[in-house]
Structure formats: C-alpha cells, structure tokens
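Labels below follow one simple rule: chain letters A, B, ... track the order of the sequence lines, proteins then strands, and each chain is numbered from 1.
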Amino acid sequence: ALAGKTIDEGILDELEAVLFTSDVGARTAERLLEAVKSKLKAGELSDVAKVQAALKAEIVDILDGPSHGPANLDGDGLRVVMIVGVNGAGKTTSIGKLTHRLKGQGKTVLLGAGDTFRAAATEQLEIWAERNECPIVKGAEGADPASVLYDAVTAAQSQNVDVVLCDTAGRLHTKVNLMEELSKVHRVLGKAQEGAPHEVWLVLDATVGQNAIQQAKQFSEAVPVTGIVLTKLDGTAKGGVVIGLCAEMNIPVRYIGVGEQLSDLRPFSAAGFADALFG
Amino acid sequence: TVSKGFKSARNYLSGQSELTEKNTEEALREVRLALLEADVEFSVVKGFLARVKEKALGATRAVAGKDKQGQKLKVGPADHFIKICYDELEALMGPVDTSIRLSKPVGSIMMVGLQGTGKTTTTGKLAAYLQKKNHRPLLVAADIYRPAAIEQLKVLGNQLGCKVYTEDGVAPPELCKRAHQKAKEMQCDVVIFDTAGRLSIDDALMEELEAIKTHTKPDNIFLVADAMMGQDAVRTAMEFDQRLSIDGFIMTKLDGDARGGAALSIKEITGQPIKFLGMGEQLDKLEEFRPDGLASRILG
Ligand SMILES: Nc1nc2c(ncn2[C@@H]2O[C@H](COP(=O)(O)OP(=O)(O)OP(=O)(O)O)[C@@H](O)[C@H]2O)c(=O)[nH]1
Ligand SMILES: Nc1nc2c(ncn2[C@@H]2O[C@H](COP(=O)(O)OP(=O)(O)OP(=O)(O)O)[C@@H](O)[C@H]2O)c(=O)[nH]1
Ligand SMILES: [Mg+2]
Ligand SMILES: [Mg+2]
C-alpha cells in the first residue's frame with residue numbers, strides 16, 4: 001500500500017501506525033524509527049520501498065540478535081524441555097505439536113503431565129500423547145508437579161527416550177508462590193538428570209500486548225528462560241512485542257504456533273516475521 | 001510505565017499557571033505514551049486524546065471550592081488535567097450494567113471469544129454466581145473440538161453440583177438447541193453455552209456461532225476477553241460484534257498486572273457494557289464490573 005509514494009512525514013507516521021497496531025510498543029517503535037530516520041538524513045533511502053525495507057532490516061537485526069545458536073535438543077543423552085507460561089497461552093497444545101515435529105526428525109519423545117492443578121489438564125495432554133503415539137507420565141490430581149516431572153525424566157531414562165517435554169500449569173507471573181513452584185520444578189529436573197532442563201521455553205500468546213515484557217522478565221527470574229514459542233500467529237494479532245523483548249532480554253524465538261492441529265508449528269524466521277508485520 | 005507517563009504529564013503542568021493549547025499538547029503526548037503502553041488501541045487513544053483536549057481547553061476554570069473569605073479556589077492545571085483524563089476514562093467505561101437478562105422458563109447465556117481467554121472457566125464462575133442467586137444453571141459443552149474440553153466442563157460442573165449437557169456426534173448449533181429445549185425437564189432455569197475458542201477471521205467457525213445464535217436466540221452473548229490483550233482487541237471485538245451483536249463482555253485474568261487497556265478498546269468499539277471481571281482461576285473469582293478500579297489501573 002505504501003509503494004510508489006514519495007517520502008515525507010506522512011510515511012513515517014504511517015509506518016509508526018503499523019508498528020503500534022502490531023503491538024511493537026511505543027518505545028521499541030521509537031527506537032526502530034530513529035534508526036530509519038538517521039538513514040533518511042544520510043540520504044541512504046531514496047523511496048518508500050527502501051524506507052520499509054530499512055525498517056524490516058532493523059527488526060530482523062534485533063530478532064536475529066540473540067546469540068544462542070540452535071536449540072539444544074540434539075546430541076547424545078536425554079534432553080529435557082520445560083514449557084512455561086501464563087494461563088491459556090498454548091503450552092499444552094504446543095507440546096503436542098512439538099512432539100509431532102520431533103518425531104518427524106526421528107526422535108523419541110515422552111510427555112510429562114506437570115499440570116496437576118487445572119480441570120482435565122492431564123486428560124488434555126493424554127489426547128496429544130495418543131495422537132503422537134508416545135508415552136506419557138502423569139500423576140494423581142493435585143500431586144506435586146515436581147515429583148510427576150521427576151518421574152517423567154526417570155521413565156525417559158529407563159526407556160532410552162531422546163526428549164522429555166514437561167508441561168506445567170499456566171500461572172500469572174505476579175503470583176509469587178506459583179513462580180516459586182516453578183523454580184522448584186526446575187531444581188528437581190536438574191536432580192533427575194544432570195544439566196536438565198536443557199531448554200526452558202516461555203510460551204507467549206501473540207495476542208498479548210505489552211504485558212509480554214513483564215511475563216518474560218518475571219518468568220526469567222524464576223527459571224532461566226532460554227527460548228520463546230509465540231502462538232496464535234494464525235490470527236490477526238502480529239506479536240510485535242517480541243521485538244522489544246528480544247532487544248531487552250536477548251531470548252530467541254524458537255517456534256511459532258499457527259493453528260490448533262498437530263502440524264501447526266513452524267521454526268521461527270525473523271525475515272518471515274518482519275514481512276508479516278507489514279503484510 | 002503508565003504511571004510514569006501520567007506523572008510526567010502532571011509534573012510538566014504543575015509549573016504552568018493555566019492550561020493552554022501548547023502545554024496541553026505536551027501533556028497529551030505523555031498521556032498518549034501512557035495509554036499505548038497500557039495496551040489501549042491506537043485509534044481509541046486518538047479519540048480519547050481529542051476529547052480530553054477539547055475538555056481541557058474548552059472548560060472554564062475548574063473550581064475547587066471557596067476559601068475562608070468565600071473566594072473561589074482554582075484547581076491547578078496539573079490536577080485539573082489529570083481529573084479530566086480520569087473522568088473521561090471513567091465515563092468511557094460506564095454506564096455500569098452488570099445485569100444478566102434471563103427469559104422464563106429458561107434463560108440463556110452464550111460464551112464466545114478467542115482461544116484460551118477463559119470461557120470454560122468463566123462458564124463455571126457464572127454458574128456459581130447464578131447458583132448464589134438461586135438459579136439452577138445447565139452447562140452446555142458446545143466445544144466439541146478441543147481435547148478434553150467436555151471433560152474440563154464436566155469437572156467444573158461436578159465441583160458446583162451443576163448439570164452438564166453433552167451429546168456425542170451432534171454439531172454445536174443443534175446441541176445447544178437441544179440443551180435449551182431439555183433444560184426445563186432437567187429442572188434447570190438457565191443454560192450457559194460454552195463454545196470453542198476461535199479466530200475472528202475463521203469464517204466457518206464464526207458461522208457456527210451465528211448458527212448457534214439462530215437456533216437458540218440467547219438472552220445474552222458475552223465476549224470473553226483476556227485482560228492482557230494488545231492492539232488486536234479492536235479487530236477481534238469488531239468482528240465478533242458485527243457477526244453476533246455482543247450484549248456485554250467479560251475481562252479475565254485481571255489478577256495479573258496487565259493494564260487492561262483492551263477493555264477500553266472493546267467498550268469503545270462495541271458500545272456494550274463490561275459485565276464482569278475474572279480475578280483468578282477459582283470459580284468464586286468473578287466480580288461485577290465497577291469502572292473506578294479499571295480506570296485507575298489503565299491510568300496507573
Ligand atoms: N489458533 C490457534 N490456537 C492455538 C494455538 N496454540 C494453542 N491454541 C489454542 O489455545 C487454547 C489454549 O491452549 P492450551 O494448550 O490449552 O493452553 P495452555 O497454555 O496449556 O493453557 P493452561 O494450561 O490452561 O494455562 C486452545 O484452544 C488451543 O487450541 C495457535 O497457534 N493457534
Ligand atoms: N489467573 C487467572 N486465570 C484464569 C482466569 N480465567 C481463566 N483462567 C485460566 O486461563 C486458562 C484458560 O482458561 P479456559 O477456561 O480453558 O479458557 P477457554 O477460553 O475456555 O479456552 P479455549 O476453550 O481453548 O478457547 C486456564 O488455565 C484457566 O484456569 C482468571 O480470571 N485469572
Ligand atoms: Mg495447559
Ligand atoms: Mg474452553
């Protein structure tokens with residue numbers, strides 16, 4: 001829609017509007033536009049297409065910034081992944097999808113039903129285990145999540161499984177006792193297996209606004225968050241808040257969720273994400 | 001943070017003797033930042049700021065009362081400006097209407113919204129709320145897609161001693177119609193339809209909601225929205241409202257620290273009242289909406 005126009009103040013306002021309505025947030029939008037403005041002043045951008053490309057390049061730069069290399073799921077020995085996030089973000093569903101993807105890569109997967117609190121949480125994960133034809137370790141309702149996940153890891157060790165995916169109950173990052181429970185789960189996983197969990201992924205709903213930053217900060221204080229899974233990008237929300245999140249916290253986005261079925265998970269592409277913002 | 005934005009606006013104005021075009025613009029810039037950070041939608045922010053500016057410059061000098069000599073005391077520009085913002089926000093949030101319309105012999109409530117917003121949990125909370133008012137709710141498991149969704153509603157029904165209607169192999173519109181028809185013989189006087197979460201751009205699923213509405217003509221269609229929602233609040237609310245004519249909405253997960261600006265956006269777009277606030281995962285954590293709490297939360 002912007003192609004073919006001459007560069008003027010209006011163009012920057014239009015780009016700012018795109019950034020704002022994509023949940024990029026005022027501060028990050030300002031930072032991105034400042035970088036573009038300085039290129040403009042230096043005469044480096046001759047038309048609108050170049051301005052938009054420059055903006056996308058800034059975004060890709062930030063998103064590709066986290067210097068982490070690929071996720072730590074390959075190599076010898078059992079890998080343990082802990083999945084955390086606020087209520088309803090898409091943790092359980094993402095585990096179902098991730099299992100499908102890992103199995104497609106020739107790995108064996110075991111699921112740990114670490115949500116012992118919410119109504120029918122274990123039943124929900126059981127259905128995903130059935131769909132993937134993979135083992136699941138669960139506990140009684142109200143059981144201690146740490147002990148269920150400890151059992152999941154020891155079961156995986158005895159069954160020679162490649163990856164354990166640990167589901168946890170949704171929780172708001174403002175609940176001190178629930179965040180402490182998460183820290184405890186993390187410690188217990190380390191006791192069950194040296195170096196576990198090898199990845200701690202925060203599941204973020206793309207429809208969430210600036211609160212995502214608080215979520216990332218608080219969850220990172222409770223457990224060492226090593227990656228983000230950004231869900232529900234098949235909707236109209238753009239998830240722009242991850243740009244500021246990556247800039248501030250240096251956590252890479254690993255996967256995106258684009259639907260409710262088994263195969264609706266894709267590895268994150270910074271370029272694809274930047275394109276979709278302006279799409 | 002939001003309060004930082006409003007503090008800046010106040011600090012900036014406290015050095016001024018009165019509200020002028022110039023200093024109001026500057027204060028509004030701070031408020032704009034604050035509202036965007038509170039997740040109020042971009043065009044809603046614009047509208048809000050325009051109205052505040054109009055009131056700030058159009059108002060005659062605000063009067064705080066009279067001093068000992070009966071002379072009128074003038075409110076300082078900073079306090080006056082903040083008060084205008086707060087009053088405008090409260091006015092936008094209201095008027096308060098937490099009523100649930102219920103026909104006889106069987107009233108009905110249809111719960112709709114995006115995935116994961118808290119519809120099923122809130123269905124349980126509304127049932128608990130209605131039970132306290134001596135109603136006998138029937139929960140209808142109209143989410144036939146999500147793994148263990150029916151089971152989830154049954155668990156909640158069990159906790160409340162509340163009946164749950166479910167039927168294998170029946171599409172949601174027909175299922176809801178049958179539940180509504182059978183409610184009376186099941187000794188229930190309200191049916192609550194828990195529907196599957198869906199994207200507002202999913203035509204087939206949005207048509208399913210329209211079909212449920214056609215089949216059951218519900219007394220209330222409540223949009224259940226997550227308080228931490230960002231700019232998408234407007235797009236989503238608009239689509240749900242245009243398709244279904246929302247009667248009211250419920251903001252969930254307000255026990256977190258999300259500012260809740262989405263509430264302002266949804267109210268602005270639908271013109272419908274905020275009915276309830278979800279304040280936790282337990283079934284007793286539902287509050288009737290009051291504007292002052294949410295207004296000060298958004299303003300910080
Ligand atoms: N459209 C869409 N829906 C999704 C996606 N990921 C998850 N969902 C849906 O979001 C809803 C919540 O998903 P869950 O997996 O139960 O979320 P959760 O984080 O485990 O929820 P809690 O355990 O209750 O905190 C379900 O209806 C899912 O089908 C996605 O990528 N796209
Ligand atoms: N903290 C908090 N959690 C809530 C609140 N309301 C719901 N939840 C939680 O949010 C998560 C999602 O709730 P559900 O009731 O399954 O959401 P839903 O809209 O029915 O989800 P779908 O059917 O998949 O679209 C669960 O973990 C609930 O316990 C609330 O007010 N506060
Ligand atoms: Mg879950
Ligand atoms: Mg549900």
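Per-residue counts of heavy-atom pairs under 4.5 Å with chain B were compared for A:I127, A:D205, A:T236; the largest is that of A:T236. Looking only at heavy-atom pairs under 4.5 Å with chain B, the residue among A:A17, A:A121, A:G170, A:A26 that has the most is A:A17.
Considering NZ of B:K46 and CZ of A:F20, their distance stands at 10.0 Å, rounded to 0.5 Å. Atoms CG and CZ, on B:L33 and A:R27 in that order, are 5.0 Å from each other to the nearest 0.5 Å. Atoms CE and CG, from B:M228 and A:N87 in turn, are 6.5 Å apart once rounded to the nearest 0.5 Å.
Across every non-hydrogen atom of B:L156 and A:A119, the tightest pair is CD2-CB, 4.2 Å. Listed here is the closest heavy atom pair of A:N211 and B:D257: ND2-OD1, 2.8 Å. In this structure, B:G256 and A:L172 approach most closely via the heavy-atom pair N-CD1, 3.4 Å.
Just one of A:E123, A:R131, A:E130 meets the side-chain contact (heavy atoms from CB on, under 4.5 Å) condition when paired with B:P147; it is A:R131.
At a 4.5 Å heavy-atom cutoff, the contact between B:Q152 and chain A is made by backbone and side-chain atoms alike. For A:V86, the part lying near chain B is the side chain, with the backbone staying farther off; criterion is any non-hydrogen pair under 4.5 Å. Neither the backbone nor the side chain of B:I150 comes within less than 4.5 Å of any heavy atom in chain A.
Salt bridge status for A:E260 with B:R146: absent, with no side-chain N to carboxylate O gap under 4.0 Å.
Side-chain contact between A:T21 and B:E41 is present, with heavy atoms from C-beta onward closer than 4.5 Å.
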